Structure formats: structure tokens, C-alpha cells
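Whatever order the structure lists them in is the order used to number ligands and atoms, beginning at 1. Values in this document were obtained by computation on a predicted structure and should not be read as measured data. Position 1 is the first residue of the sequence; numbering continues from there.
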Amino acid sequence: MNTQHWIHHFKANTRLNHELQLPEAPCSLPEADRKAIANSVAIFQLGESGGGTRLRRYTRSIASLENLRGYRRAVDLFVAEEQSHAALLARTVTHLRGDLLQKQWTNSIFRWMRDLVNLEFNIQVLLTAELIAEAYFGLLTLRCKDPVVQTVAKKLLRDEMGHLSFQRDFLFERLKTLTPATQRLWRWQFQFIHRITAAVVAWDHRACLHTLHITPADFRARAARCWESFQTRLERRLRENQHQDAGVTRGCSDGAPTGKAALL
Ligand SMILES: [Fe+2]
Ligand SMILES: [Fe+2]
């Protein structure tokens, strides 16, 4: 995994979030829309505001792996970027004259789930939230009429696309060590958990989605497309890696260097 690339990326990108200028005009959305969007954004704000303690603790367990050298530093910077998202969303909630939350039931479930198994599962739950965020911030960018919400949602959407790429790089390193059958099992449980999460979020945020003229079913379909796109790219990389490995094995057995062997 090219952790140096991610270290540079997070350092440069997080600074932009701290410096992001927001339009100064007060919110002029209709009262019902303003309230619904403020409540919904406050839930995402709480989700972004974790300190990453458990994630950092897990990363210690793989710190010595050669292909993940630098991963701990990259995760520290990734957590700092998520905290910059929490700060931007807090400014958005204030702009919408909403209340910041200390606790909320879907957020509590996410936090509980993340600690259930191991690092890979923690990343998977985080990734599920980021795939949902991709659909959510994409909709706010396109459909919310408030310029502050639009500006923040657009920046967060771009950042979350980067996070998806970061998580994909990590999962590729871990999943390539599994057999194709175990990779398929992983895919099924990931898709299952993602579908349930998307359904819960669509229901929990239905008032906000209504102001954007989106039904819960539309939201679930959008979230499913985000999942499909992520998974397709991950599987393509895994397949390419398998073909390369097969080339190395053939190259070793018949003496003709192919695939990775040809590069050595
Ligand atoms: Fe985020
Ligand atoms: Fe993220």
C-alpha cells in the first residue's frame, strides 16, 4: 500500500477544510425544510466527530507488516480529516440554526458495531458509513438550495471519495491474502450489512430526504449504486492481482518470466 501518497494527500487536503470560506448569507430555506435538514446534518456531524481511539488501537496490531508500513501515520491523518469534517458540519448546523447532538441511536449502533470483530471489520463499518455519506452528500450538493449546505456537502463528497479510495487500498492488501471463496463470503456479508444500514439511514433521515424530493427507496437505490461501484473496483484489483500471481507461478514452473516475475 502506498501509504506515503495518503500521508501527503491528507496533510494537504485537511488544511483546505480548516480554511474553507462559507457564504455569509443567513439561511433562507422554508422553516420545515430548514429544521429537517438541520436535524439530519447534526446526525452526520456526530458520526464524524469520533476521536478514532479504537481505530488507532487496531492499527497497532498490523504496524509491523511490511506492506502496511506508514499505515498508522496515514490513519492518524485520516482521523484528523474526519474531525475537520465534524467541524465543517458543526458550522453548517449552526448556520441552519439547529442543535448539535451528543448522542443518537444510529450513531451508537455504528460505534458498537465497529468494535465487534477486528481491524478489517472496523474499517468495513467505517467504509459502509462513507458509502452512505457519498450518496447523502451527493444529494445535498445537487438538491439542497442553501449555499452553505451545498458548499460543505460538495467538499465532503470529494473528501469521502478520497476516503473510499484509501479504504479500498487497505482492504485490497488484506483481502488478497484470502482465497476466492472467502473473498466471496466477505462480499456477501459486506453487501448485507450495507443494505441494512442504507435502509435504516433512509428511514431515519426520511424528513430531510423528503425536502430534497427523494423517497427512502430512491436513497437506498443510490446507496446500492455507490456500493456496487466501490466493490467492482476492489474486485477488479483482486482479479488483476490473482492473474499476476498465476503468471508468476507459471513463470517459475516453466522458466519463462511472466507477470510480477518479469518485473523483478
Ligand atoms: Fe467524513
Ligand atoms: Fe470519511
J.: Would you indicate whether R56, at its atom CZ, is surrounded by more than 12 heavy atoms from other residues, nucleotides or ligands within a distance under 6.0 Å?
T.: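 Buried by this count: over 12 neighbours within 6.0 Å.
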J.: In Å and rounded to the nearest 0.5 Å, what is the CG to OG1 distance from D204 to T106?
T.: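 Spacing of CG (D204) from OG1 (T106) equals 4.5 Å.
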J.: How long is the span from the CG atom in D159 to the CD atom in E134, to the nearest 0.5 Å?
T.: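 Rounded to the nearest 0.5 Å, the CG-CD separation comes to 12.5 Å.
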J.: Tell me, with the steps shown, if K155 and N13 meet side-chain hydrogen bond (donor to acceptor under 3.5 Å, both in side chains).
T.: CA-CA 10 Å; K155 180 65 174 76; N13 192 56; 3.2 Å; yes
J.: Within a 6.0 Å radius of atom CD on Q102, are there more than 12 heavy atoms belonging to other residues, nucleotides or ligands?
T.: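 Open.
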J.: Verify whether one side chain among Q167 and E130 offers a donor that lies under 3.5 Å from an acceptor in the other.
T.: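 Distance-only check passes for Q167 and E130.
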J.: With 2.8 Å as the threshold, which protein atoms of type N, O or S lie near the Fe ion (ligand 1)? Leave waters out.
T.: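 As for protein N, O or S atoms lying under 2.8 Å from the Fe ion (ligand 1), they are E48 OE1, E48 OE2, E82 OE1, H85 ND1, E160 OE2.
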